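Remember, it's a predicted structure, so these values are computed and weren't measured experimentally.
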Amino acid sequence: AASRDHARDLLTLAAARSARSRDACAPFDDESAALLEAGLGYELTAGQRQCWEDVEEDMCRRLAPMDRLVFGDVGFGKTELAVRAAALAVKSGRQVAILAPTTVLAQQHYKVFRRRLEPLGITVEFLRSPSRKYVDEATGKKASSAKECRRVREQVASGRCGVCVGTHALLSPKQVWHALGLAVIDEEQRFGVRQKERLKAACVDVDVLTLSATPIPRTLGAALAGLRDTSELPDPPPGRGETSSLVARDQPGRKEDDYFLTAILEKELARGGQCFYVVPRIADVPAARRRLLGALKAIGHPAAAGVVAPGAQDQV
């Protein structure tokens with residue numbers, strides 16, 4: 001019964017959104033388009049251009065609010081589409097909410113959006129959780145998140161902030177928007193259904209752009225049923241290789257497995273890449289560290305001796 005009620009709510013919301021209309025956005029002028037292209041650093045892939053045409057069609061030539069899912073592998077350029085959609089919305093006098101599931105990802109988006117959009121004169125703010133302290137980049141000292149949170153909320157409510165990046169704090173009833181026009185939801189599978197729909201229900205006329213590398217069945221089901229539009233990024237940007245996955249036995253202390261781990265580390269570090277060794281329990285971390293130091297010693301990496309050479313600091 002609860003599932004049927006929830007499905008009914010979703011259909012009602014989808015019907016309400018499809019019946020509403022809002023003013024279409026104005027396309028980019030030549031100056032804004034040139035600034036965006038210059039800040040990218042590479043040519044858009046064919047898949048990115050097709051996805052951008054889909055998003056631009058939704059925002060500039062349709063009156064019904066956009067509800068589009070963009071899916072593609074990690075590093076295939078989903079964030080770039082969100083950057084351009086945000087710029088398009090702000091240039092048309094609307095505000096943008098960038099919703100991320102974790103503080104780390106939200107901070108990453110904040111840096112990217114700020115770097116790409118500030119040359120266009122767009123103000124980007126980061127809404128932190130009011131219950132945590134943070135390190136001020138300007139002073140290097142810890143500062144009160146509550147005070148910073150109040151400042152950002154005031155900027156958003158007054159309209160002085162064009163793009164606001166944050167986590168669940170953006171869903172708070174305390175958040176008042178001056179003219180919210182676009183909501184970007186990244187890694188939507190990490191949010192609860194009700195959390196995502198709460199944002200849509202509060203802003204029925206708002207364009208919604210959802211980004212995901214692994215769309216959940218409910219999202220794909222909604223797309224197949226025609227409740228939302230989809231776009232795919234099938235190819236990586238130039239210079240980025242495809243993600244490869246390998247499942248193998250790994251038993252610490254077994255010579256064959258230790259040799260295999262050492263070979264993988266050597267290959268990745270030799271190309272200037274990074275390695276993440278994830279263990280299931282905190283109690284396993286010391287043993288894993290000793291094992292990795294032994295592997296690094298075998299390949300002659302300076303980190304094995306506790307000294308990180310210049311240029312290798314970001315690898316270990």
side-chain contact (heavy atoms from CB on, under 4.5 Å) partners for [X], two or more places apart:
X    : value
A288 : Y277, V279
R254 : R249, Q251, E256, D257
A87  : F28, L36, L117, L120, I122
I299 : T262, E266, L269, L296, H301

### Task
Enumerate the residue pairs fulfilling salt bridge (Lys or Arg N to Asp or Glu O under 4.0 Å) with a member in residues 83-93, sequence neighbours excluded, ordered by first and then second residue.
E37-R84, E80-R84

For [X], what residues pass the side-chain hydrogen bond (donor to acceptor under 3.5 Å, both in side chains) criterion, not counting sequence neighbours?
X    : value
Q108 : none
R160 : Q155, S158
S231 : D54, R68

### Query
With hydrophobic residues grouped by side-chain heavy-atom distances under 4.5 Å, do L265 and V285 end up in a single group?
yes

### Task
Find out if a path of hydrophobic residues (ILVMFWY) with successive side-chain heavy-atom gaps under 4.5 Å connects L171 to L105.
no

### Task
Please lay out, stage by stage, how V163 and I98 fare under the test side chain to side chain contact (heavy atoms under 4.5 Å, CB included).
CA-CA 7 Å; V163 177; I98 311 295; 3.8 Å; yes

What residues, two or more places apart in sequence or in another chain, satisfy salt bridge (Lys or Arg N to Asp or Glu O under 4.0 Å) together with [X]?
X    : value
R151 : E125, E148
D23  : none
D250 : R291

Given 3.5 Å as the limit, does a donor-acceptor pair link the side chain of [X] with the main chain of [Y], or not?
X   : Y    : result
K78 : V70  : no
S92 : L88  : yes
Q48 : T45  : yes
E56 : P27  : no
D29 : S32  : yes
Q95 : V156 : yes

Specify the closest pair of heavy atoms between [X] and [Y], including all atoms of both residues, with the distance to one decimal.
X    : Y    : result
F260 : A248 : CE2-CB, 4.1 Å
C51  : E232 : SG-O, 3.2 Å
T167 : T103 : CG2-N, 3.7 Å

### Task
Output all residues satisfying ring-ring contact (aromatic ring centres under 6.0 Å, His included) with F126, sequence neighbours left out; order by chain, then residue number.
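Scan of F126 (ring-ring contact (aromatic ring centres under 6.0 Å, His included), adjacent residues dropped) gives Y110.
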
### Task
Please tell me if the side chains of L209 and V55 come closer than 4.5 Å, counting only heavy atoms from C-beta onward.
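Touching, per the 4.5 Å side-chain cut-off.
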
### Query
In this structure, are over 12 heavy atoms from other groups packed under 6.0 Å from D30 atom CG?
no

